[in-house]
2 protein chains.
Amino acid sequence: MDDQVLQPGDRDYVGALASGLDVLLAFDAEHPRMTLSEVAAKAEMDRAKARRFLLTLHALGFVKRAGRYFELTPKVLQLGYAYQASNQYRPMIQQYLDEITATLGESTSLTVLDGDSAVLVLRATPPQRLMAIQLSVGTRLPAAYSSMGRVQLAQMDDETLDAWLQRQTLQAHTAYSVTHVKALRERILEARQQGYCIVDQELELGLLSVAVPVFAANGELLGAINISTNAVRVDMNTLVSRYLPALQEAAAQIHTYAR
Amino acid sequence: MDDQVLQPGDRDYVGALASGLDVLLAFDAEHPRMTLSEVAAKAEMDRAKARRFLLTLHALGFVKRAGRYFELTPKVLQLGYAYQASNQYRPMIQQYLDEITATLGESTSLTVLDGDSAVLVLRATPPQRLMAIQLSVGTRLPAAYSSMGRVQLAQMDDETLDAWLQRQTLQAHTAYSVTHVKALRERILEARQQGYCIVDQELELGLLSVAVPVFAANGELLGAINISTNAVRVDMNTLVSRYLPALQEAAAQIHTYAR
DNA sequence: TTCGCTGCGTTCGCAAGGCGAACGAGGCCG
DNA sequence: CGGCCTCGTTCGCCTTGCGAACGCAGCGAA
């Protein structure tokens, strides 16, 4: 077995599986219920194809039909469950996130890097704050514009990082967004040197976020933990003098006890 | 389009998709990393077949290979994400769960019924309590032996309920477990009449749980919310006089505002 | 009322592509 | 060193997924 990276349209590539997953992924927050034709359009396949996969997913219990409409069943959560359960440090890290959230009254989360995205894996939210943007587990944030993404990119070696940067075409999200790869690279190197990363409204107006990397005792990078808050409510000084140390303390604890 | 329930080995049934999902589901807490042969054994297919699906999932980014071992990537979380995002009442319900957990210091959760299981959809856990059983989103609990399951079964009409009970072969989990379908039926009818359900260590020794159903303003059953605690720490009186009212209050609020 | 039209879900013959028996490469033991 | 596992991989056969074509409402114009 050679460690050959991928297979695009190879002999062993099972197209039907890819298409089926595309159908599952066609459902999102804006399209929770769709007709066969809508699914076909969203997943970019003809109706006959979409129908086969919808019927199969229906038979397997992953989608249900209400008249002409199809929607997901909670069974799809099972697909992500194995991943969550496979991280042995998950409960410990959750405890630290809960503690920070309880103390500071701010949202915290653990994300891991997957390609160009930082994927939200764990989170803790304060009881109040009804207006907070509700991100759920599985949400993908652009690595380039999130503190968790940048602080994990900072852990790559120069070669890997530069290769990654090469592939990026930066898309500004707000007026604060860094737009040149060169500037982004500087921010990442800064994060590497400092050991933490702050991103100030580059992803969304008003969103201020600080992140640090977390390591297991054996040095393995487990991901990044962060605190997200509102730029109007919290100033940069509080963020650095109060919030950052809480994150660093948690990361240190995890590093010590995650073995 | 007739509302025909399922398709087992039908013309339109895409076996490849089913097999691919089986491979994904082969990974669990006890088997987070597996070789090709292990996956094949776990998913009950020959090695060649398992290999095709693993390579395809690898190409799609859902699994990664570390030498001879395969493991899931965080991308699988995306599959469950759409379901989570599709529930518009999720953030509101989460708030109420967080509140109850903050007030009582106990774990709370929202589950929905899916076949024979109550699937955990949302949860809130108190910051302390390191020993608590960590259930994660997507976990499936037997509907027959969980308070959330029973209180949702109680919402079925008699005919549907009896058909459901017919299909059950009860498997006792502890010495407290109800073992006869007839007795289970009585518990469920009791839950229907009372509007809540308490299950005392029938699923796991020491696990005491109370649940109530939650409805949207239009009367639609959204699921069940529950409080799980330890039978040693909390007595039945506290459960009924303190915990239950908190759940009922939250359910009433949700019923009023979920529109 | 009838007609054509549009958008829907479903059918079915063809060939693309998944199946698994058979293979060969390593590791282990006598 | 040779026999014997167990593993990952190959490749010809035939299953099985593909999509053009179909039929059926619903609707507006004639």
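Lettering of chains follows the sequences in order, A, B, ..., and the numbering in each one begins at 1.
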Practice task
Decide yes or no for B:T108 and B:Y96: does some side-chain heavy atom of the first lie under 4.5 Å from some side-chain heavy atom of the second?
Solution key: no
Practice task
Mind calculating the distance between CG (B:L54) and P (C:dG18) to the nearest angstrom?
Solution key: 15 Å
Practice task
Starting at atom CZ of B:R68, determine the distance to atom C1' of C:dG27, rounded to an integer number of angstrom.
Solution key: 11 Å
Exercise for the section: Would you please name every residue forming a ring pair (Phe, Tyr, Trp, His ring centres under 6.0 Å) with B:Y145, sequence neighbours left out? Expected result: B:H173
Exercise for the section: Please list all pairs passing the salt bridge (Lys or Arg N to Asp or Glu O under 4.0 Å) test where one or both residues lie in residues 69-83 of chain A, with sequence neighbours left out. Expected result: A:R33-A:E71
Exercise for the section: Starting from C1' on C:dG20, measure out to NZ on B:K49 and report it in whole angstrom. Expected result: 10 Å
Practice task
Check the surroundings of atom CD in A:E44: do more than 12 heavy atoms from other residues, nucleotides or ligands lie under 6.0 Å from it?
Solution key: no
Exercise for the section: Would you kindly give the CG-to-C1' distance between B:L55 and C:dG18, to the nearest whole Å? Expected result: 13 Å
Practice task
Using heavy atoms and a sub-4.0 Å distance, could you list which residues of residues 39-48 of chain A are near DNA chain D? By number, please.
Solution key: A:D46, A:A48
Practice task
Please step through side chain to side chain donor-acceptor pair (under 3.5 Å) for the pair B:D114 and B:S117, ending with a clear verdict.
Solution key: CA-CA 5 Å; B:D114 183 48; B:S117 307; over 6 Å; no
Handout entry: Residue closer to the 5' end of DNA chain D, B:E38 versus A:S19 (nearest nucleotide)
Key = B:E38
Completion exercise
The answer to which of B:L36 and B:L17 contacts DNA chain D further toward the 5' end, by nearest nucleotide, is B:L36
Practice task
May I ask you to evaluate whether A:T35 reaches the phosphate of C:dC8, defined as a side-chain N or O under 4.0 Å from OP1 or OP2?
Solution key: no
Practice task
For B:F70 and D:dC7, give me the distance from atom CZ to atom P, rounded to whole Å.
Solution key: 14 Å
Practice task
With sequence neighbours excluded, tell me which residues meet side chain to side chain donor-acceptor pair (under 3.5 Å) with B:R47.
Solution key: none
Problem - A:M45 vs A:S19 side-chain heavy atoms within contact, under 4.5 Å - result: yes
Practice task
Compare all side-chain heavy atoms of B:R192 with those of B:V151 and state whether any distance is below 4.5 angstrom.
Solution key: no
Fill in the blank from the handout: Residues pairing under salt bridge (Lys or Arg N to Asp or Glu O under 4.0 Å) where one sits in residues 19-30 of chain A, two or more places apart or in two chains, turn out to be A:D28-A:K42
Practice task
Heavy atoms under 4.0 Å is the rule here; annotate nucleotides 12-17 of chain C 5' to 3' with B where the base is hit, S where only the sugar-phosphate is, and - elsewhere.
Solution key: BB----
Problem - Residue-phosphate contact under 4.0 Å: B:R51 side-chain N/O, D:dT10 OP1/OP2 - result: yes
